Amino acid sequence: MTTTTTESTSPPPEPKRDEAEDPPPQEAAAAVAGAGDLDVASLSIKDEEEEEAVSDSNINIQAVTTGETPYSSAATFEQLNLTAALLKGLYVEMKFEKPSKIQAITLPMILTPPHKDLVAQAHNGSGKTTCFVLGMLSRVDPHFERPQALCICPTRELAIQNLHVVGKMGKYTGISSELLVPGIFENDIRNCSPVLAQVVIGTPGTVKKWMSFKKLSVTDIRVLVFDEADQMLDKSLNDCLCSFHQKDGFQDDSLRIMKDIQRFSKGCQVLLFSATFNETVKKFVSKTVKDHNQVFVKKEELSLDAVKQYKVALPDELAKITVIKDRILELGEKLGQIIIFVRTRKSAGMLHRSLTEFGYYVTTLHGALEHGDRDKIVKEFKDGLTKVLISTDVLARGFDQQQVNLVINYDLPVKHGTSEPDYEVYLHRIGRAGRFGRKGAVFNFIMDDWDREVMRKLENYFNAQVAEVPSWDKDEDFEEALKAAGLL
DNA sequence: AAAAAAT
């Protein structure tokens, strides 16, 4: 489980064009003003170039800085005073050319003393991971063998993925990294040797456990990152009266970790990143980190223009399966990889069995599988060995696989026990397609009036037009739709 | 309901 980033890692399939996880090169905008107590700089950022011109024309990212420190948007990585080793990682390993919008804006905020806390929101697939990984790597002292940066993620899949990015970007820095997720060293933690890696990435429960057994020292942590921060700090309060689970979310563990680190490591910088922050979470987050800089995007501007959204009306469950196999999987190699999101583990299994019975090769991921199986299924998918992945929302957030250009919402995401859409989950799911400005499509399956109402609310919330595929029974309609999305 | 994780 310990990986030193200097070790060579097995080379993942290299995406042919542009970078590994960021939007197409774009012109970063004007300077972010900084003086004054609460300075609001609305940055209007224009896209130029890009042959495919898929990107949104004009996105407003609102940056609010506090204090006296002026920040200028970074047009190049050179402007950030990074070490030569780190620059080499960015150019040679990551194949980046220049910072994406969110990177141009947030990196100076992360790297400039006094290293204020930051709450940052940016579109799915726009390069958030690079922001905090670069932040961690550049603030770690490679000659000091103690944990200095810690990143907390909601799922083991995301933690593993982020660890890979750390390894790749930091390949020439000699900085070590380690993964703290369940399923490794599960026998007896008391016999484990303490973590010495400089960058530690993990899930909340395991990290908390290692901290409480004094196997992860937090006294030298300089940067604490919460990936998918809105989820990590969401109360997830169960309003349902019949439920005796008061809280079922990550908030307790996350806050505990944050408080402990802030207590023992004065001046630790907290970085909170996500594509979504609903108003409630935003308010809570602002109270949690004091005197922080922030970067936000309006919700209407969050859904990706490069991803074409569709709805498909269907009479019943059987029709859903028919559409998947006869209208979509039959297209075979013409499509890239596909993720089918379902609401429950059980329906994941059922769909898996039906498609398998019909002779299609699919794999399925959910949280009830054994850790090793989960890792294997994800690896096969990332290596391109499997093409169709059925998944619960375990993979809704953060999962970065550029070859995914089609997402199917077999079930629409709704908040527990209601017909209220889960807006955040919807946005994250569709963000699995169209990584980094690539083209993508989403099919939302609508089976009854409930679904229709959920869909209507989603469209309304994001102010997005979702075209309807005229007939679920016609091959041509789907081909048409996929063509319009730029996939065929 | 799902997610993490511990019981």
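None of these values were measured; they are calculated from a predicted model. Chain letters run A, B, ... following the sequence lines, proteins first and then strands; every chain starts at 1.
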To the nearest angstrom, how far is [X] atom [atom1] from [N] atom [atom2]?
| X | N | atom1 | atom2 | result |
| --- | --- | --- | --- | --- |
| A:R397 | B:dA1 | CZ | P | 20 Å |
| A:Q231 | B:dA3 | CD | C1' | 7 Å |
| A:R345 | B:dA2 | CZ | P | 6 Å |
| A:D234 | B:dA3 | CG | C1' | 12 Å |
| A:K208 | B:dA4 | NZ | P | 15 Å |
| A:L395 | B:dA2 | CG | C1' | 13 Å |
| A:R429 | B:dA1 | CZ | P | 15 Å |
| A:F341 | B:dA1 | CZ | P | 20 Å |

Non-neighbouring partners of A:F277 that pass ring-ring contact (aromatic ring centres under 6.0 Å, His included), sequence neighbours left out: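 Per chain and number, A:F277 pairs via ring-ring contact (aromatic ring centres under 6.0 Å, His included) with A:F296.
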Under 4.5 Å between any side-chain heavy atoms of A:V297 and A:Q62, yes or no?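 When only atoms from C-beta onward are counted, A:Q62 and A:V297 do not touch, as no gap falls below 4.5 Å.
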Any side-chain N or O of A:T392 below 4.0 angstrom from OP1/OP2 of B:dA3?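 True: A:T392 side-chain N/O within range (under 4.0 Å) of B:dA3 OP1/OP2.
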Check the phosphate of B:dA4 against A:R374, side-chain N and O only, distance under 4.0 Å to OP1 or OP2. Yes or no?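 So the side chain of A:R374 is within the cut-off, an N or O lying under 4.0 Å from OP1 or OP2 of B:dA4.
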Name all residues meeting the side-chain contact (heavy atoms from CB on, under 4.5 Å) criterion together with A:D253; count only those two or more places apart in sequence or in a different chain, and write none if there are none.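 Partners of A:D253 under the side-chain contact (heavy atoms from CB on, under 4.5 Å) test: A:P204, A:K208.
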For A:P154, which contact category applies under a 4.0 Å heavy-atom criterion: base, sugar-phosphate, or nothing?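 The answer is sugar-phosphate, as A:P154 gets under 4.0 Å only of primed atoms, P, OP1 or OP2.
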Of the listed nucleotides (B:dA1, B:dA3, B:dA6), which one gets closest to any side-chain atom of A:T344?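 Selected nucleotide (nearest to the side chain): B:dA1.
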Does the separation of the ring centres of A:F478 and A:F443 fall below 6.0 angstrom?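 Ring centroids of A:F478 and A:F443 are less than 6.0 Å from each other.
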